[in-house]
Amino acid sequence: MAGRKFRLALIQLAVGASKTENLQRAATYITQAAKNGAKIVALPECCNSPYGNKFFPEFAESIPGESTDLFARSAKENKVYLIAGSIPERADEKIYNTCTVFDPNGVMVAKHRKLHLFDINIPGQITFEESKTLSSGNSLTVFDMELCKVGLGICYDLRFPELAQIYAKEGCRLIVYPGAFNMTTGPLHWELLQRARALDNQVYVATVSPARDETASYIAWGHSMVVDPWGKVISECDHKEDILYADVDLDYLESVREQIPVSKQKRSDLYKVVNCSDQ
Ligand SMILES: NC(=O)CC(=O)C(=O)O
């Protein structure tokens, strides 16, 4: 692909009860995405394990471990950047919801632990407390591909606009959120939040969900998508297993920023979003 463009592939994986099978399916799809020209491939939140408090301790593993070894091999064999969704990670006698990233040499270049735990209570619809089994991460995560800096969040992290603002301020042109919204919040919030993050920050935003499994204890919304810096959905799938492609065009992003130069017009004399680690 010519110029400042590259192809992104999102794998909306059908995740089941067998870790081995989940990993093998992921590897097959990564190869397919690379054959179709993807330079960066992303997997969903909980790509090796069903999503749920009863599964996290059972499927948790250390990093490096079985899953990340396969991700590293897959990235290297297919010469892609791989945003490896997330897996339950066991470390320091805790469990984290962790996304690892591998470069085309199979080297791990980033590790993001979900910052905001999904603890919600919508009476009669959904109650979920990730904090029953998971601990939260404590740092923001950015990595550099040749053409573009990329910021990472996991699922509920999408609801916190400051994170995306800081990533944009640090030069990210693409923010990727492996995520698994549900049948209560998904229909209204999933697309709306992504479009808001993309438009506010004039960046590309991609979200990658597992495919919907109606028999699961937590039913994912699906609808993985890519939104451009104008706030437009440029690629979307429904709820079934699928690979989704989108071309990220950095010249287009710059043209949007020139037309509506909000980042230069911010009133930082009146308000400011700061990354606490910089203070
Ligand atoms: N599962 C999540 O982390 C988030 C979610 O489903 C929501 O915010 O809604």
Side-chain angles (χ1 to χ4, degrees), residues 1 3-13 26 29-30 32-45 47 80-86 99 101 110 112 141-143 145-155 157-159 161 163-165 167-168 171-181 186-212 220-257:
M1 186 166 298
R4 299 195 327 130
K5 274 190 194 174
F6 59 90
R7 182 157 297 167
L8 165 69
L10 308 181
I11 298 174
Q12 184 162 289
L13 191 70
Y29 281 119
I30 293 164
Q32 192 178 323
K35 282 193 180 139
N36 288 329
K39 292 288 167 245
I40 176 164
V41 180
L43 294 168
E45 180 180 29
C47 64
V80 292
Y81 278 90
L82 176 63
I83 299 177
S86 78
C99 173
V101 181
H112 179 80
T141 313
V142 164
F143 71 95
M145 321 174 33
E146 283 88 58
L147 280 174
C148 176
K149 247 189 188 179
V150 183
L152 292 175
I154 299 176
C155 204
D157 288 339
L158 176 63
R159 290 187 181 268
L163 182 63
Q165 283 177 51
Y167 285 156
C172 296
R173 301 289 194 262
L174 168 66
I175 306 177
V176 180
Y177 298 90
F181 272 37
L188 190 60
H189 294 173
W190 176 249
E191 176 180 330
L192 183 62
L193 286 163
Q194 290 170 67
R195 294 180 68 191
R197 299 296 84 89
L199 183 60
D200 277 352
N201 300 295
Q202 301 178 313
V203 293
Y204 283 88
V205 171
T207 51
V208 206
S209 171
R212 189 178 303 165
W221 172 239
H223 292 269
S224 299
M225 66 174 64
V226 183
V227 180
D228 77 11
W230 191 254
K232 183 171 165 207
V233 176
I234 54 169
S235 199
E236 182 185 3
C237 53
D238 60 15
H239 58 274
K240 297 186 278 301
E241 188 169 59
D242 205 354
I243 307 186
L244 185 67
Y245 297 93
D247 294 333
V248 173
D249 182 342
L250 299 172
D251 290 330
Y252 174 68
L253 179 148
E254 292 313 329
S255 75
V256 168
R257 290 182 173 192

Exercise. Just wondering, do Tyr204 and Cys148 contact through their side chains at under 4.5 Å, heavy atoms?
Worked result: no
Seminar exercise, completed: Rounded to the nearest 0.5 angstrom, the CD1-SG distance for Ile11 and Cys47 is 9.5 Å
Exercise. Would you say the side chain of Phe143 lies within less than 4.5 Å of the side chain of Lys149, judging by non-hydrogen atoms?
Worked result: no
Exercise. If you look at every heavy atom in Tyr245 and Gln32, which pair is closest and at what distance?
Worked result: OH-O, 3.9 Å
Exercise. Should Asp242 and Lys240 count as an ion pair when the cut-off is N to O under 4.0 Å?
Worked result: no
Exercise. Between CH2 of Trp190 and CH2 of Trp221, what distance do you get to the nearest 0.5 Å?
Worked result: 11.0 Å
Exercise. With sequence neighbours left out, what residues match Glu191 under side chain to side chain donor-acceptor pair (under 3.5 Å)?
Worked result: Arg195
Exercise. Is there side-chain contact between Gln12 and Pro44, with heavy atoms separated by less than 4.5 Å?
Worked result: no
Problem set entry | Smallest separation among heavy atoms of Ile154 and Tyr177, with atom names | N-CD2, 4.2 Å
Exercise. Are the side chains of Arg4 and Asp249 in touch, meaning some heavy atoms are under 4.5 Å apart?
Worked result: no
Problem set entry | Between SG on residue Cys99 and CG on residue Leu152, distance to nearest 0.5 Å | 5.0 Å
For this session: Taking the side chain as every heavy atom from C-beta outward, state whether Asp200 and Gln165 have any pair of such atoms under 4.5 Å apart.
Result: no
Problem set entry | Gap between atom CG of Asp228 and atom CG of Leu174 - 0.5 Å precision | 12.0 Å
Seminar exercise, completed: Exactly one candidate in Lys5, Lys39, Arg7 meets salt bridge (Lys or Arg N to Asp or Glu O under 4.0 Å) with Asp247; the answer is Arg7
Exercise. To the nearest 0.5 Å, how far apart are CG in Asp157 and CG in Leu163?
Worked result: 6.0 Å
Exercise. What is the minimum heavy-atom distance between Leu244 and Cys237, and which atoms define it?
Worked result: CD1-N, 3.7 Å
Exercise. Would you say Ser209's side chain and His223's backbone share a donor-acceptor pair under 3.5 angstrom?
Worked result: no
Problem set entry | pair Phe181-Leu193: side-chain heavy atoms closer than 4.5 Å | yes
For this session: Search all heavy atoms of Ile243 against all heavy atoms of Ala33 and return the closest pair with its distance.
Result: CD1-N, 4.3 Å
Exercise. How long is the span from the OH atom in Tyr252 to the CZ atom in Arg173, to the nearest 0.5 Å?
Worked result: 15.0 Å
